[in-house]
Amino acid sequence: MFKHLSFRARMACAFGLLTFLVLLVASVAWGSWTIHLLESQVRDELQARVHAASELIAEGLRDRSSEITDLSRMPDMLLNGAPEPDLQERLDAKRALKMEYAWLGVASTDGHVLAATRQMLVGKDVSQHDWFKFGKTSTWIGDVHEAVLLSRLMPRNQESEPLRFIDIAAPVRDTTGAIRGVLCAHVHWSWITRLAESILQADAESRQLRIYIMDRHGVTLYPFAETGATSLRLQANISNSVGELMWADGKRYVTGQAALRESENQHLGWRIVLRQPVDVAYAPLRAFVKEMAAITFIVALLAAWLAYWIASYLNTPIAILATAVDRLGGENAHVMIAAHLPPELQRLADAIQAASVNLTASRRDLLEANELLEQRVHERTRALALANEALTRQAMTDGLTRVANRRAFDQKLTEVHALSARTGVAYGLLVIDTDLFKRVNDQYGHQIGDSVLVAVAEQLVGSLRATDFVARYGGEEFVVLLYSVKTAEELLAVAEKLRCAIEQFTFDPVGRVTISLGGCLVQGASADLRQVIQLADGALYEAKRQGRNRCVIAASPTSW
Ligand SMILES: Nc1nc2c(ncn2[C@@H]2O[C@H](COP(=O)(O)OP(=O)(O)OP(=O)(O)O)[C@@H](O)[C@H]2O)c(=O)[nH]1
């Protein structure tokens, strides 16, 4: 898949992947840490609040308990079993001062109310009430309960909810320490719940924060709507805890709980519980995760661009080297790498430049060698041509007289005859025989005979125009082709000229030598070659017959 990618693309992919992985790991680690931190903040806040509520209620109960204890120790509250005269006013004053007191009263040792705020329940028998039973021995705080006797006598703030109290009772003793009665205060349950609610801020509803007061068995005491329900299994051994718990409604809540701090005479076992739905509590986390994903995406884009830029930057020197290597294969292999490169690549660049210099030198040498070779080939070819020409000339030249031989004559005659046949221009043919040459040989020897033949050839050539053709036909016979003659008379004149030239030449040591000539004027179209030769030979024969050293021109074949 990657093998077709360029080096730059591969590096960009590698850098991009690496950056992406680093980002992924970093964002996961950072995200996990931040989520853990935010979760801890949510839990810590819940725990702090529920702890504050617990402390508020504990402090309130302790203060009320102290107040009732102090009040019960008022000297001479019950004189000889009867309330002192202004006890009624004192109880009313206390209630007026602390509105959480619903009712304050003092009962005799036989359980009859002797004095009470607004004289409510005075004379009533309370001997069966817990507060009376337990209050006779020490200060006692009772669990929440609905109003029994007072329910019809006292106004209710919330019609939907029954009047509920907690009781605080303390023994009333005389100066000897003997029990004279029991002082009891009914404290509004709503005062407790307000203390609990007070730790919730204005945004509690929007954040769906809800506070509970539960007894030691997890039965809900507050809020009223869930009173008696067991909404949550409490963790009995954990006085202060916070965590995500499944509630009875099947939903998960971040739940903080704190056991009520109690004094010796207090055995309520309440737990204050504060809960918030998990999805609401961790909503900021979801927002955070979205923001983080967006930031990671943007950073990944930037990283991808950065990776491409780095890949391009790193690839630049390699691209320069690759271009230089490409140029090595070009016509001009001379490479100059001027870029500033890292040391490792600079070594490579130096090697390429050195290779370029060597290559250039090698090419120059090769070029020179080629030129030299071409020159030699040319010279050899020329020499061969000359040799061929010489061979051809040799093959066409008579070895003794250096004029053309019979083969050359046959070839020339064929060409001339054909040309004449085509153009209609006549040519002349002379056949020349050295007279009585046998005697020369016999008398002077063959070598002298040869020199005579050579001299005859020279005289013939010297007497003719350069354009005329002289050949040795064989033995002591020569032939001449003449292109410039147009009539038999002209041909005869040339023949006579040749005859005279030989006749007048002195052949050393032979002296005079004569030749006989037979000739004919030919128009190529009028006869074939064989006829032309026979005609000239016939004329020569006639010249011999007439006594030698003479010229005979045969009649032209056209006239036949
Ligand atoms: N030295 C020499 N002699 C040659 C050569 N070719 C031919 N001869 C001689 O030339 C002579 C020709 O003799 P013949 O044919 O009898 O004719 P002739 O003696 O010239 O007499 P006519 O032709 O009748 O005038 C012969 O003796 C040949 O041997 C040659 O190349 N060199």
Side-chain angles (χ1 to χ4, degrees), residues 1-43 278-374:
M1 174 182 175
F2 290 103
K3 64 183 176 183
H4 299 301
L5 290 180
S6 67
F7 183 64
R8 178 195 309 213
R10 287 183 193 198
M11 275 208 295
C13 286
F15 278 126
L17 193 64
L18 191 65
T19 312
F20 176 73
L21 286 175
V22 169
L23 267 177
L24 188 68
V25 171
S27 60
V28 166
W30 179 55
S32 302
W33 180 76
T34 310
I35 287 171
H36 174 73
L37 203 67
L38 290 174
E39 283 179 352
S40 296
Q41 279 180 0
V42 170
R43 291 174 181 176
V278 166
D279 53 346
V280 178
Y282 295 150
L285 292 182
R286 286 201 300 274
F288 165 75
V289 169
K290 281 183 185 171
E291 282 175 14
M292 198 173 68
I295 290 171
T296 304
F297 179 72
I298 291 169
V299 173
L301 282 182
L302 287 175
W305 176 82
L306 189 65
Y308 181 78
W309 185 85
I310 291 174
S312 299
Y313 176 75
L314 293 180
N315 186 60
T316 300
I318 295 170
I320 289 172
L321 293 180
T323 306
V325 170
D326 285 345
R327 282 173 54 195
L328 280 180
E331 275 195 15
N332 183 10
H334 185 64
V335 175
M336 274 296 295
I337 302 173
H340 183 70
L341 301 172
E344 300 87 345
L345 295 181
Q346 186 60 52
R347 274 161 48 202
L348 196 57
D350 292 344
I352 291 172
Q353 285 191 170
S356 144
V357 171
N358 291 337
L359 196 60
T360 304
S362 300
R363 281 191 181 175
R364 194 174 53 240
D365 292 347
L366 193 64
L367 209 61
E368 286 174 2
N370 272 344
E371 283 175 4
L372 195 63
L373 190 64
E374 274 181 22

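For this chain, numbers begin at 1 and follow the sequence in order.
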Residues which pass side chain to side chain contact (heavy atoms under 4.5 Å, CB included) with [X], listed by chain and number, not counting sequence neighbours:
{"X": "Ser40", "value": "His36, Asp44"}
{"X": "Ile295", "value": "Val299"}
{"X": "Leu372", "value": "Gln375, Arg376"}
{"X": "Glu368", "value": "Arg364, Asp365"}

From [X] [atom1] over to [Y] [atom2], what is the distance, rounded to the nearest 0.5 angstrom?
{"X": "Glu291", "Y": "Thr34", "atom1": "CD", "atom2": "OG1", "result": "11.5 Å"}
{"X": "Thr316", "Y": "Leu321", "atom1": "OG1", "atom2": "CG", "result": "11.0 Å"}
{"X": "Leu18", "Y": "Leu23", "atom1": "CG", "atom2": "CG", "result": "10.0 Å"}
{"X": "His340", "Y": "Ile320", "atom1": "NE2", "atom2": "CD1", "result": "11.5 Å"}

(request) Could you list the residues that satisfy ring pair (Phe, Tyr, Trp, His ring centres under 6.0 Å) with Phe288, not counting sequence neighbours? (result) Trp30
(request) Please step through side chain to side chain contact (heavy atoms under 4.5 Å, CB included) for the pair Gln353 and Val357, ending with a clear verdict. (result) CA-CA 6 Å; Gln353 285 191 170; Val357 171; 5.7 Å; no
(request) Would you check if the side chain of Arg327 reaches a backbone N or O of Ser356 as a donor-acceptor pair within less than 3.5 Å? (result) no
(message) Measuring only between side-chain heavy atoms, which start at C-beta, is Trp33 closer than 4.5 Å to Leu37?
(response) yes
(request) Check whether any side-chain heavy atom of Val42 sits under 4.5 Å from a side-chain heavy atom of Leu38, and report yes or no. (result) no
(request) Compare every heavy atom of Leu285 with every heavy atom of Glu39, then report the nearest pair and how far apart it is. (result) CG-CD1, 3.5 Å
In a table with atom names and distances, give each donor-acceptor pair under 3.5 Å that connects a side chain of residues 342-352 to protein atoms at least two apart or in another chain.
unit_1, atom_1, unit_2, atom_2, d
Gln346, NE2, Asp350, OD1, 3.1

